[in-house]
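For ligands, and for the atoms within them, numbers begin at 1 and follow the listed sequence. The structure displayed is predicted, hence computed values, not measured ones.
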Amino acid sequence: MNIDVKNEKLKSWIREVAELCTPDDIYLCNGSKDEYRDMIDRLIKAGIAIPLEKRPNSYLFRSDPSDVARVEDNTYISTSSQAEAGPTNNWIAPDGLKKTMLDLYRGCMKGRTMYVIPFSMGPIGSPISKIGIEISDSPYVVVNMHIMTRVSSRVLELLGTDGDFIPCLHSVGAPLAPGQKDTKWPCAPIEKKYISHFPEENLIWSYGSGYGGNALLGKKCLALRIASAMARREGWMAEHMLILRLTSPEGKQYHIAAAFPSACGKTNLAMMQPSIAGWKCECIGDDIAWMKIGPDGRLYAINPENGFFGVAPGTSYSTNPMAMDTLKENVIFTNCALTDSGDVWWEGMDGDEPAHAIDWKGKDWTPESPADAAHANARFTAPAAQCPVICKDWEKPEGLPIDILIFGGRRTGVVPLVYEAFDWDHGVFLGATAASETTAANIGAVGNLRRDPFAMKPFCGYNMGDYFQHWFNMGEKLGSKAPRIFYVNWFRKSQDGKFLWPGFSDNSRVLKWMCERIDGRAGAQKTPIGLIPDEGSLDLGGLNISHENMKELMSINPEEWKAEIPDIEKHFSTFGNRLPEKLKKQFSEFIERLR
Ligand code: OXD
Ligand code: MN
């Protein structure tokens, strides 16, 4: 093995993986621009990356049609006892799972190069950051990791001879026999895909998929599943949250972290440009927040990522102009359509549909075609630093102090536009009961209602009952310095199926109300579910929304809320004796208030 690494653990891990997976070559990544260029050139030559004439240094990739989203049914939290993984996670005992996966890994990189990718989640060297090393046989993964994380030889320097890191092993699971021609998107069939986490030893093993969170292991696997388990042990929080800074016309800054399930508009809110005069919004992160209590007792958040892996369909100058401006150059697109003029296109983009395009499967497409041109979970991978509204402090190693936490989801009915929790513990109840209609970000049916507590159902690396308790514990530690908690629903529809709230930049009106609540300047009324804005306290100036629509948007129908009780009961009962007493208390108080 001709790889120059000084770290003992890394050296022996690389040797072990090479012996197991038997790649033809091993390459140690350094994260440089030249390396990126070189990898892309080779991907272009192989016909895998399609350069886009309209966007400098930008490329389109098409995945295999069977490999288009995260595979939650094949995702495992492998702890020594099933109770540790809890009812929201798939579980196989570590010995059994490792045996199955070792059989799959044996010889799985034949005919391929094994890339060793040293990366940092969070700024390199920051005390909050974590170092991971991903070993992967996918060059697509390497170029995406270059954007989504900080890949650098400096990471290895920081590791020294005995520093620790999180090993992340990935293979597309498609070894090549001598002379066998490769496919453009090698992957394994669904029954051989495994996205496995071993939180007791901070270890990730992924096999069979090359797509997104299944393969870019710094993101969901490390920064959420493994990090959430570490955070519980160490007394901090790893959350599926965007982070933004809102500045009032008087120059007061508010930092907001918000948890919504996948494909529910986190990227849009993170880059939102307020429609209300004088308010400014800057983006810090669009998907993950790591939060620790700082020396002053407040909760400080960093975005551990380096880029955005955003859902393309629906992104446009009217829904998210700042994302569109982020996508002008240096971007990787996956499963978007290709226009005849050499640009990408997706459903919901501004302007007319193209008269002809090549769809995400590589086939001719016209507006008459029965299927969409872009896959519903088509993505862009773009450097965060090139977002026009990236906050200048987004890489501050100590993070930014959070004032407001928001939960939400996609609900066509029942849930009003906004309400505030009575206190932290009630806020934990709101997070724990959050529900949303499912989206295309995961393989499976779209539009079904599911409880997705804290938008973490697919991402919590331990028993979610304990996770709820961890939230209560954090609240106790934070005391009066805790952020205030709110719940929002941008997606409520009228009887005739139309969205009641315009959303996007007008969501700033809701955020403004939250800021004014903190400052004691906006009134609220008590309802059984929480505190809703006093009539007139939500700034609707210049907004064309009828009084009736506003009434419907904010309405709370006790009968509809009572109808939620059996489902919450069922949801809570799955946690058995791990359900915190405080949550039981919140639930009975909620029922009592609805009587
Ligand atoms: C994501 C997801 O990719 O949540 O961020 O699925
Ligand atoms: Mn996400």
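- When L244, I284, I256 are each tested for a side-chain contact (heavy atoms from CB on, under 4.5 Å) with L400, only one passes: I284.
- Here is the list of ligand 1 atoms found below 4.0 Å of a heavy atom in F459: 4 (O).
- Ion pairing of R450 with E72 is present here, as a side-chain N (NZ or NE/NH1/NH2) and a carboxylate O approach within less than 4.0 Å.
- Interface of D287 with ligand 1, defined as ligand atoms under 4.0 Å from a residue heavy atom, comprises 5 (O).
- Within D287, the N/O/S atom positioned nearest the Mn ion (ligand 2) carries the name OD1.
- Here the heavy atom of the protein found nearest to atom 3 (O) of ligand 1 is R379 NH1, 2.9 Å.
- Among the heteroatoms counted here (N, O or S) of H240, NE2 is the one nearest to the Mn ion (ligand 2).
- Between the side chain of H470 and the main chain of A229, no donor-acceptor pair closer than 3.5 Å is present.
- Between the side chain of W91 and the backbone N or O of T79 there is at least one donor-acceptor pair closer than 3.5 Å.
- Of the N or O atoms in K266, none lie within a sub-3.5 Å distance of an N or O in ligand 1.
- Atom numbering of ligand 1 starts at 1 in the shown order; those under 4.0 Å from a heavy atom of H240 are 4 (O).
- Counted by atom type alone, S136 and S138 present zero donor-acceptor pairs between their side chains at under 3.5 Å.
- At least one N, O or S atom of K220 sits under 2.8 Å from the Mn ion (ligand 2).
- Taking a cut-off of under 4.0 Å to the non-hydrogen atoms of S262, the atoms of ligand 1 that pass are 2 (C), 4 (O), 6 (O).
- A distance below 6.0 Å separates the ring centres of Y487 and Y419.
- A donor-acceptor contact closer than 3.5 angstrom is absent between the side chains of W394 and N303.
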